[in-house]
Amino acid sequence: MTRNPKPHPVPALSVTLLLLLVFSTFFALAGYPLPGHRGIQPSKANGYWRGEYSLQNGTSIPFHFEIKNDPKQGTVLYFINADEHFKSGKLTADHDSLRLSLDPFDNEFVFRLFKDSLSGIIRKTDSKDPGSRVTAKKNIKARFIFPAAIPPPDISGTYQINFSGKNGTTEPSVGLFTQTGAALKATFLKITGDSRYLDGILVQDSFYLSSFIGSQPLYYRGKISPDGKISGEALGPRGSQSFTGTTNEDAALPDPYQLTYLKEGYKKFSFSFPDINGATVSQSDKRFTGKVLIITIGGTWCPNCIDEAAFLSPWYEKNKDRGVEVVSILYERQTDPAYIRKSLGRFKNRFHIAYTLLVGGTADKAVVAASLPSLNSFLSFPTTLFIDRQGNVSKIHTGFTGPATGKYYTAFVKEFNQQVDELLGK
């Protein structure tokens with residue numbers, strides 16, 4: 001009778017090597033660094049991604065972004081919304097995660113990378129809050145994913161929109177829709193500014209639009225009735241707001257030059273605030289004497305202020321020798337010197353700003369109104385003042401109409417230049 005031979009013990013070293021091989025394969029496939037490695041390479045995340053931002057109520061807001069190498073900055077993320085590629089920030093490795101500073105919103109995107117997906121959070125860089133969950137999958141081009149449907153009606157055009165306000169009031173707006181097949185692009189203009197580039201889809205009688213550049217995500221959904229009227233709601237981290245609208249090619253907002261003005265008894269607009277280095281700058285300074293002065297009131301965190309800076313910086317370079325100066329009074333989330341150097345410094349560098357940047361206070365409309373008592377009220381970041389060579393306020397423009405608004409932006413730029421030309425001619 002033959003006995004079964006005793007099993008030979010497997011050397012401990014062989015077991016260790018086997019386990020290392022298994023774990024190495026897992027980490028490689030998942031995209032994680034090997035144990036003891038400094039971190040994964042940011043370029044591993046290169047590619048086109050469809051993300052979802054999760055609200056607390058369970059709603060997921062879709063958005064697109066692309067990660068690619070930049071010759072000067074390394075691995076960089078671009079948010080994609082309709083016709084815009086918005087450059088955000090540089091990716092860096094942090095142990096087993098990737099970290100992205102979402103300039104200029106003081107947010108950060110921290111995620112773990114898998115083969116064709118990622119999972120993580122978006123949170124404030126200076127806060128201990130848990131943040132909002134974000135996931136993404138690679139190479140998905142559709143923003144809103146729906147099964148194939150019958151061809152939708154074309155809702156392209158201009159709409160007079162009313163958003164619900166407080167205490168039963170309404171907030172006037174203009175909706176601009178551009179449709180190609182089922183693909184839909186849009187923006188909403190309000191007296192406080194526009195919603196920038198919205199990207200989405202039309203499915204039968206319903207439309208869905210979203211946008212995200214690293215700040216508060218925007219999400220609009222609505223329906224089209226047989227008579228062409230629309231209704232829906234805007235959703236975001238701060239809640240929801242309903243809206244209704246009708247087609248109107250002549251839709252318009254209240255005159256933005258009539259909303260903010262000097263109080264009775266004030267003849268001039270005065271300011272005195274520190275610059276990025278702490279030096280006080282006032283309207284009475286010699287450098288402004290006898291010049292046309294454009295003053296913007298905004299913040300580096302404000303999407304419409306970003307659009308304004310993208311317009312104003314190259315405009316100033318072309319016009320500064322004509323006898324015009326620009327001063328931007330910025331209201332920030334924090335006002336300690338280190339934070340100001342960071343926020344204003346990167347804002348200045350991003351847009352190559354050569355005009356004067358000042359710190360007005362914290363980002364609160366009540367703070368703005370208190371620090372600039374000559375204004376009747378403060379409604380919008382940004383607000384722009386046009387001051388003639390004698391120091392008199394010619395006009396005040398509330399809000400900013402950005403490039404996503406098409407013909408409205410063209411009209412704004414034309415009016416802006418006409419106003420400056422008129423003041424320079426005096």
Side-chain angles (χ1 to χ4, degrees), residues 30-33 39-40 42 44-67 74-81 86-138 140 143-144 195-196 198-199 210-220 234-241 299-303 305-306 332-336 338-339 342-343 346-347 350 362-364:
Y32 293 136
I40 57 178
K44 293 287 187 182
N46 283 2
Y48 190 91
W49 297 85
R50 178 188 182 272
E52 289 191 357
Y53 185 114
S54 298
L55 300 181
Q56 290 185 351
N57 64 5
T59 301
S60 292
I61 302 179
F63 63 98
H64 279 114
F65 60 96
E66 185 178 12
I67 299 174
T75 305
V76 176
L77 184 146
Y78 294 79
F79 288 104
I80 301 171
N81 297 287
F86 185 89
K87 191 174 184 178
S88 180
K90 180 181 176 182
L91 268 72
T92 57
D94 184 9
H95 299 294
D96 62 351
S97 300
L98 289 175
R99 186 183 300 270
L100 170 72
S101 176
L102 297 170
D103 298 337
F105 306 113
D106 294 317
N107 290 340
E108 64 177 359
F109 186 12
V110 183
F111 61 90
R112 280 192 167 187
L113 176 67
F114 300 87
K115 186 177 181 181
D116 293 312
S117 66
L118 60 84
S119 179
I121 59 171
I122 286 179
R123 64 189 179 193
K124 287 291 181 188
T125 56
D126 57 354
S127 175
K128 296 181 180 179
D129 70 81
S132 299
R133 184 169 181 264
V134 173
T135 59
K137 292 186 179 298
K138 204 170 189 178
I140 298 179
R143 176 159 296 208
F144 292 91
S195 57
R196 304 187 78 258
L198 296 169
D199 201 343
S210 69
S211 178
F212 185 55
I213 57 171
S215 181
Q216 299 289 330
L218 302 177
Y219 179 35
Y220 297 82
L235 300 95
R238 297 178 181 175
S240 62
Q241 189 179 24
T300 63
W301 48 268
C302 159
C305 303
I306 287 172
E332 299 298 292
R333 290 198 174 99
Q334 299 178 37
T335 56
D336 63 274
Y339 184 89
K342 179 184 72 171
S343 61
R346 66 190 181 193
F347 190 68
R350 180 184 181 100
T362 54
D364 185 294

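Here the structure is a predicted model, which is why all the values come from computation and not from measurement.
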Y219 vs L55 side-chain heavy atoms within contact, under 4.5 Å
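No. Closest side-chain heavy atoms not under 4.5 Å.
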Heavy-atom check, side chain of F109 versus side chain of L118, under 4.5 Å:
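Of all side-chain heavy-atom pairs linking L118 with F109, at least one is under 4.5 Å.
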Within 6.0 angstrom of K137 NZ, more than 12 heavy atoms from elsewhere:
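Not buried by this count: 12 neighbours or fewer within 6.0 Å.
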Kindly say whether [Y] contributes a backbone atom to a donor-acceptor pair with the side chain of [X] at under 3.5 angstrom?
X	Y	answer
R50	R143	yes
R333	F105	yes
N107	L102	no

Dump the intermediate steps for side-chain contact (heavy atoms from CB on, under 4.5 Å) on Y48 and I80, then the final yes or no.
CA-CA 10 Å; Y48 190 91; I80 301 171; 3.4 Å; yes
Interatomic distance, [X] atom [atom1] to [Y] atom [atom2] [nearest 0.5 angstrom]:
X	Y	atom1	atom2	result
W301	S343	CH2	OG	12.0 Å
L98	L77	CG	CG	11.0 Å
W49	K138	CH2	NZ	5.0 Å
Y220	S195	OH	OG	4.0 Å
I121	F111	CD1	CZ	12.0 Å
L198	F212	CG	CZ	14.0 Å

Which heavy-atom pair separates [X] from [Y] by the least distance, and what is that distance?
X	Y	result
T59	L235	OG1-CD2, 4.3 Å
A93	P42	N-CG, 4.0 Å
C305	G299	CB-O, 3.3 Å
R350	S88	NH1-O, 4.0 Å
S54	S132	O-CB, 4.0 Å
S210	P62	OG-O, 2.7 Å

Quick one about S211 and R196 (side-chain donor to acceptor, distance below 3.5 Å, no hydrogens or angles considered), yes or no?
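No pair is found: no donor N or O on one side chain lies under 3.5 Å from an acceptor on the other.
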Pairing donors with acceptors under 3.5 angstrom, does anything connect the side chains of D364 and T362?
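No, no side-chain donor-acceptor pair sits under 3.5 Å.
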